[in-house]
J.: 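This is the structure, below, for whatever I ask next.
Counting begins at 1 with the first residue of the sequence. Values in this document were obtained by computation on a predicted structure and should not be read as measured data.
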Amino acid sequence: MTPDLLADLPLARSRTDRAALLREDPEVLPAALADDRTRVLVVRDGGVRTDGPDRVRWYAPDEARAQAAAVLGPDGAPDDAWLLLGAEDDGARVLALRLPDRTPPAPVPGPADAAVHGARRPAGAGREDDGWASLRVVGAALDARDAGLATTAVALDAWHDRHPRCPRCGAPTRSAQAGWSRVCDVDASEHYPRTDPAVIMAVVDADDRLLLGHATAWPEGRYSTLAGFVEAGESAEQAVRREVREETDVVVDRVEYRGSQPWPFPGSLMLGYRAHAVRTEVTVDGQEMAAARWFTRDGLADEVRAGTVLLPGRASIARALVEEWFGGRIED
């Protein structure tokens with residue numbers, strides 16, 4: 001194996017102190033917004049404003065307020081639009097400004113949270129002329145500081161968007177703890193950012209071939225490692241075996257943990273595994289998975305070069321799992 005490929009995953013490279021002890025101070029956000037040293041990133045649609053392909057665009061507080069006014073009008077950003085992301089070594093605060101999504105998700109049947117194999121991408125997919133970029137696209141290119149802060153901002157933004165009401169009584173909630181909780185004013189219950197554990201696995205057989213699947217929602221030629229959410233009352237290792245069996249009818253026994261990274265689309269923690277197959281006949285479920293195939297290293301490299309197989313993006317742990325098995329970087 002090549003462990004280094006999973007030692008520093010793109011969206012798991014946080015370097016900034018999250019400053020959890022500051023969140024209880026009701027003045028931390030007003031004080032930060034009054035401090036010229038504070039730096040603010042702007043988040044919407046699962047992406048951030050960038051300067052070029054590999055840098056987050058950082059704003060001073062007054063510049064961030066101007067951005068809010070340009071989008072929201074003269075009243076500017078409401079209180080719950082500001083998030084405390086952390087503090088720099090010199091004590092300067094780092095904030096995020098949440099702007100409304102340009103294209104809110106359409107109401108459709110199905111789970112409230114996007115499935116692991118879901119196709120929905122934010123309106124800012126890719127990098128646009130105005131500088132907005134999807135974290136899925138630029139996450140691997142950002143340096144560790146920017147990647148960690150942008151990932152936290154995207155995760156918190158998605159959570160606030162999806163949890164405006166109290167799950168106990170249905171009343172509206174308000175942001176608290178500098179954006180790290182929501183409080184119901186009716187029953188006083190406190191609610192914290194939700195993270196859903198999901199397993200993602202490089203399945204190999206006795207001949208060291210790799211099993212990759214093509215989800216029904218993906219474009220033609222897209223193949224990736226299998227993945228799925230951990231169910232209630234289930235261990236991560238049990239979830240690996242169940243998901244592989246459900247999606248492909250392949251049976252695995254030995255499961256080895258390889259690494260993890262946040263995947264805030266909208267709120268997953270991806271737990272990466274290497275799983276060893278003891279039965280290799282493939283029958284896809286036809287629901288989430290449209291096709292699945294075993295690949296040799298030479299065969300995968302040839303198809304990637306030919307463009308008949310498209311691998312997952314470099315920001316994903318799926319890409320790292322594939323390249324760990326391959327033994328190095330695969331050029332698209």
J.: Give a yes/no verdict on a cation-pi contact between R297 and W325, requiring under 6.0 Å between NZ or CZ and the six-membered ring centre and an angle within 45° of the axis.
T.: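 Yes.
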J.: Is R39 close enough and on-axis enough to Y59, meaning under 6.0 Å and within 45°, for cation-pi?
T.: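 Judged by the rule, R39 and Y59 form no cation-pi pair.
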J.: Should D8 and R15 count as an ion pair when the cut-off is N to O under 4.0 Å?
T.: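 Here D8 pairs with R15 in a salt bridge, since their nearest N and O are under 4.0 Å apart.
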J.: Counting heavy atoms not belonging to D208, are there more than 12 under 6.0 Å from its CG?
T.: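 Result for CG/D208: enclosed.
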J.: Return the set of residues passing side-chain contact (heavy atoms from CB on, under 4.5 Å) with R242 (not counting sequence neighbours), or none when no residue passes.
T.: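 With sequence neighbours excluded, R242 shows a side-chain contact (heavy atoms from CB on, under 4.5 Å) to E231, E234, A239, E246, given in chain and number order.
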J.: Against the six-membered ring of Y223, is R293 placed for a cation-pi contact (under 6.0 Å from the centre, within 45° of the normal)?
T.: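 Judged by the rule, R293 and Y223 form a cation-pi pair.
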J.: Give a yes or no on whether E220 atom CD has more than 12 heavy-atom contacts from other residues, nucleotides or ligands under 6.0 Å away.
T.: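 12 or below, so no.
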J.: Would you mind listing every side-chain hydrogen bond (donor to acceptor under 3.5 Å, both in side chains) that reaches into residues 73-98, with sequence neighbours excluded?
T.: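 Passing the test, one end in residues 73-98: E88-R145, R98-D157, R98-D161.
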J.: Do L321 and I200 have side chains that approach each other closer than 4.5 Å (heavy atoms only, starting at C-beta)?
T.: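 Yes; the side chains approach each other to less than 4.5 Å.
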J.: Regarding D196 and R194, does a basic nitrogen lie under 4.0 Å from an acidic carboxylate oxygen?
T.: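 Yes, this pair counts.
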J.: Is the closest basic N to carboxylate O distance between R319 and D332 below 4.0 Å?
T.: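 Counted as a salt bridge, because a side-chain N and a carboxylate O are separated by less than 4.0 Å.
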J.: Below 4.5 Å, heavy atoms only, C-beta onward: do W180 and L156 meet side chain to side chain?
T.: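 Yes - at least one pair of side-chain heavy atoms lies under 4.5 Å apart.
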